[in-house]
Amino acid sequence: TSFLSIHNAAGKAKEKAAHTGGRLRESAHPVLVFAESALVRHVMTICTIYVLYVPDIYHVTDPPLRFDTGMYALVFVCFFVFSAELLCLTFLAHKFFNSFLFYLDLLAIVSLVPDVIFLFTGRREMAGTHYLILARAARMGVAGTRAAK
């Protein structure tokens with residue numbers, strides 16, 4: 001089932017009017033239909049797993065500095081994918097803006113900023129700050145919530 005289902009008013013923050021009976025309406029925007037496709041969900045899951053685990057494993061193994069750019073370039077690609085998803089859902093999905101999942105997505109994107117800054121500045125101490133590890137876990141919470149629906 002899609003994660004754009006109608007929630008009850010007793011505490012669910014993400015009510016979507018673009019659904020009828022668990023399916024997207026035929027009049028739903030084509031970009032929203034694509035954003036809700038299985039392909040996009042799989043790409044989002046892969047990106048989520050990558051940004052949650054690969055940077056930590058990378059830092060533990062302490063590879064040569066010449067590999068940093070490639071690893072952080074993929075983090076930037078995931079940052080772009082997450083940002084595109086957030087913008088798409090914010091503007092096209094009914095009542096997504098200002099919902100609980102909106103703020104989880106936003107927190108997850110902000111947590112990637114230090115890693116993205118490294119790509120453009122080359123300052124390794126900016127990347128992988130441990131203060132935002134909990135915020136990255138929010139991304140996994142979003143993925144788990146969407147997978148459960």
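Numbers here are sequence positions counted from 1.
- Distance check, rounded to the nearest 0.5 Å: NZ of Lys95 to OG1 of Thr90 gives 15.5 Å.
- Under the 4.5 Å side-chain criterion, counting only non-hydrogen atoms from C-beta, Asp68 is in contact with Tyr58.
- Ile109 CD1 to Glu85 CD: the interatomic distance, rounded to the nearest 0.5 Å, is 7.5 Å.
- Summarising the geometry, atom NE2 belonging to His94 is positioned 11.5 Å from atom OG belonging to Ser99; distances are rounded to the nearest 0.5 Å.
- Both Val31 and Phe102 belong to a single network of hydrophobic side chains, linked directly or stepwise wherever heavy atoms of I, L, V, M, F, W or Y lie under 4.5 Å apart.
- Rounding to the nearest 0.5 Å places CG of Asp56 at 10.5 Å from OG1 of Thr61.
- With hydrophobic clusters built from ILVMFWY side chains whose heavy atoms lie under 4.5 angstrom apart, Tyr50 does not share a cluster with Phe80.
- Taking the six-membered ring where the residue is Trp, the centroids of Phe120 and Phe76 are separated by under 6.0 Å.
- Between Phe91 and His29 there is no side-chain heavy-atom pair separated by less than 4.5 Å.
- Pro30 has its side chain out of reach of Phe34: every pair of non-hydrogen atoms, C-beta onward, lies at least 4.5 Å apart.
- At a threshold of 4.5 Å between non-hydrogen side-chain atoms, the residues Phe82 and Asp105 do not count as touching.
- Few gaps surround OH on Tyr103; more than 12 heavy atoms of other groups in view lie less than 6.0 Å from it.
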Given Val40 and Ser37, is the side chain to side chain contact (heavy atoms under 4.5 Å, CB included) satisfied, shown in steps?
CA-CA 5 Å; Val40 172; Ser37 69; 3.4 Å; yes
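- A heavy-atom distance below 4.5 Å is not found between the side chains of Phe97 and Leu89.
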